[in-house]
K.L.:
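I am attaching a structure below and will ask some questions about it afterwards.
Proteins come first, then strands; the chains are lettered A, B, ... in the order of their sequence lines, and each starts at number 1. Bear in mind the structure is a predicted one, so any value in this text is a computation, not a measurement.
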Amino acid sequence: MSETKSESSAEKIGAFLSSVPSEEAWDPLRQAVAFSRIAEEASTELLARKSELAPAIANAHGFSPHEAERAIREAFEPVKGGPLLKIWNREVAPRLDLTMKANDRKHFGLPELSVIFGGGAIPQPNIIAILAAGMVSRKVLFRPSSHDSILGPRFIECLAARAAAGKSSARRALPEILAARWPHDDATLTREIVAQASSLVVFGDGGSVEELSSYARPECQRFIYGPRVSFAVLDLGRLPSLQNLAQYAEPVAEDIVAYDQRGCLSPTTLYLMGGDAKLRRDFVTALRLALIARAKQQGFAPRIPGSTASAIHSLRAIYLMDGSGHRAVFSNASLPGWTLLYDETDISLRDTPGYQTLFVCPVAGWPELMKVLDAAPSKSFALQGLGVGPDKLACPKEYADRLRARGLTRICLLGQMQSPPLEWMHDGNPFFPVRLGTS
Amino acid sequence: MTSPALDKYLTNPDRVRLAEKIKPLFALTSSEDVSDGRFSELAMEVYQYQFNSCEPFRRLCLGLGARHDVRDWRKIPGVPTDAFRHYRITCFNPALGEIEFHTSGTSHGKSGVHWIPGAELYDGAAIPWFALHLLPELASSGFAKFPIRVLSLTASPAEAVHSSLVHMIRATTASCCDPDEAAYFIRRGELDVAALNADVEKSVAEGRPVLLHTTAFSLVHWLEALERENRTLNLPEGSRMMETGGYKGRSRRVDKRELYLWASRRLGLPVRVIVNEYGMTEMSSQFYDRTLREDSMDEDEARIKIPPPWVRSLVIDPVSRKPVEDGATGVLRHIDLANLDSCAFILTADAARRHGNGFELLGRLSDVELRGCSLEYEDLRT
């Protein structure tokens, strides 16, 4: 890890791309062990500086202070205890011939250069991409998104400091990592960088992915993280008791509040199965109370993008204008705040502007829900996660299998949607940015 | 010939009284001609009329705590333009209406509809304001019709029966120019570049000025075609252009200033005669650059849009909903009294910078639900 910078000019990027990492004292296992160690140390250091970093994260990402701390915690907590090496041992090591000599490293099929285009509202996936790329690549170039200019570069700075403090033999085993931003419209530089990548990780929309992909060599492995939608199902008919609906509302509130509902694992629609109209309304009331309590306790994002605020106001207004009695809006008195949109007339899978805005719809059962999901355009509504309650049996295996076949990557209990395991196959991608079986 | 039921609505004394108060405003040329007090009085009367006649609007007002006796028109809730996709925002039975304007298709596939009972107020508002900004010489020329050929890079009225833009072009052409000479060049959804070039060249040969109506994306298509053929058309003196709208994902996006310079080079038009129009299906009134109307003004200043006398526009903070300070940016709210039969109080998803009582249009708020004005990539959440 000879060079790590948070700012870089085209010259620095050029120097980074043209540098040849030392092969002395290097092999994949040595790299994995050394990188895993400094990644843990760097994570521990940033966790210790959580309170200091949180205000900047809150400001940059538009999170409430509470959610900013969550962003730091959930980015680095999972790295403690050596899980990276465990995943490496399980997924990478069995496919490598570790008896090879070090100078045969090109034959291991691991990436020489991984280029990561960061993105999204939540820092954690970017951090995981850096971690995973650093475990297997000889060089990693990370371009933070404009939304996430803090945690990724800061993490890389910490990694560099740890690497510099280590023994020289360990240093030689480590990958080179550079965090750098360059102008978005500098297509020449972007093309030059991507053309050299053996592994390309992109968080972005269809247009940018297509453009970046077109710059890459055919043999470059691509790992794309795009728009995805998650939803939740609560089977009211399976509730063991109707006495305390709050205990079932609380996990839903947790999933909506987590990261101010801005992750791809945040549910946008909650489908209520079973029960009658009164029970559904009672549950929505319980959910409303749970959100009020959290709002009082945790506060809310102080800086919400104008376009999002406008979209939420518009949704609230549209529900207020309904006179059918089949739609209702429950919300905080003013923005920013949570918004529940109860809707019996439109149960299609929909996206929301985020910031704790949730559609709540009744659905007769899984057959009807599958029809609803099938009707959603798969390009706009690629599925990511499903939270179920009150227990996992609320989603029968037959439907879980069908949802996975449709692209769903995670099924979990309500309340845990935003806490996937480290090795979760985000967007269906493997944890490490390398497809060993096909390389 | 209107139906008896529509006649009954149109002759409703409350509606007649209001319409008679609003129509004289259409003859005025400056918002300063209508004092704040006069506008406020009219806005409050229209509010009470619509509160009592337009049920979805009434529910919105009550839901937001605004009753029929609100005292400040600035505090009257605005109906989001997206609501036109969900509800019938009218004060009359829309089945009786003579005209319905549809928003362009969206990724959700459901268009919004703006029903109006007839063209009286719509055309009454649109024609003089258009003439003032695109044909400012008309008033002093002594012509009943301005001698200019209208060439429209849009579909024809027969092909686009629900387009408010095409309706406006047809109405202004009929009133101010020679409609028999007008031509429309979007045919079966495609810009007929060959026919357009032929017509323009004919005008060039005859030395007859043309008035071009175009959307931004049609203009880009045309200019790209001219670019490919390395052709330049030197439009006769007196020619001008009304440009409107976004790109709707149908052409590459070009910055407006760059687009106008490009058009100027390829068409031989001075940039100041390229006038941007800002309008929307949900409103009966339009806004224009004043570059042509106020010939001597600084161009940047003249691209600040000033509402017509019967409209007030507020740039509001999208979170607090309060008007922003001068020079600050926010989202546009319009109070369009010409929308007497639907809802005068419109909340848009358009971003603008406030300049006194006017505004500089900045475009669409990026991650608001797509409505068709500018089909950009949605902001993605991963």
K.L.:
Picking from B:Gly65, B:Ala83, B:Pro77, which has the most non-hydrogen pairs under 4.5 angstrom with chain A?
P.N.:
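That would be B:Ala83.
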K.L.:
Can you sort out the partners of A:His326 under side-chain hydrogen bond (donor to acceptor under 3.5 Å, both in side chains), two or more places apart, ordered by chain and number?
P.N.:
A:Glu344
K.L.:
Considering residues at least two apart in sequence or located in another chain, which fulfil the side-chain contact (heavy atoms from CB on, under 4.5 Å) criterion with B:Ala5?
P.N.:
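side-chain contact (heavy atoms from CB on, under 4.5 Å) list for B:Ala5, sorted by chain: B:Ser3, B:Leu96.
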K.L.:
Working to the nearest 0.5 Å, report the span between OG of A:Ser314 and NE2 of B:His86.
P.N.:
7.5 Å
K.L.:
CG/A:Leu320 to CG/B:Leu64 distance, rounded to the nearest 0.5 angstrom?
P.N.:
5.0 Å
K.L.:
Report, in residue-number order, which members of residues 49-60 of chain B are under 4.5 Å from chain A by heavy-atom distance.
P.N.:
B:Pro56, B:Phe57, B:Arg59, B:Leu60
K.L.:
Measure the CE-SG distance between A:Met321 and B:Cys61 for me, rounded to the nearest 0.5 Å.
P.N.:
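Those atoms lie 8.5 Å apart.
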K.L.:
In terms of heavy-atom pairs under 4.5 Å, which option from A:Val329, A:Asp322, A:Ile304 contacts chain B the most?
P.N.:
A:Asp322
K.L.:
Pick one of side chain, backbone, both or neither for B:Ile89, based on which atoms fall under 4.5 Å of a heavy atom in chain A.
P.N.:
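B:Ile89 touches chain A through side-chain heavy atoms alone.
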K.L.:
If you check every heavy atom in residues 312-337 of chain B against those of chain A, which residues fall under 4.5 Å?
P.N.:
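B:Pro318, B:Val319, B:Arg321, B:Val331, listed by number.
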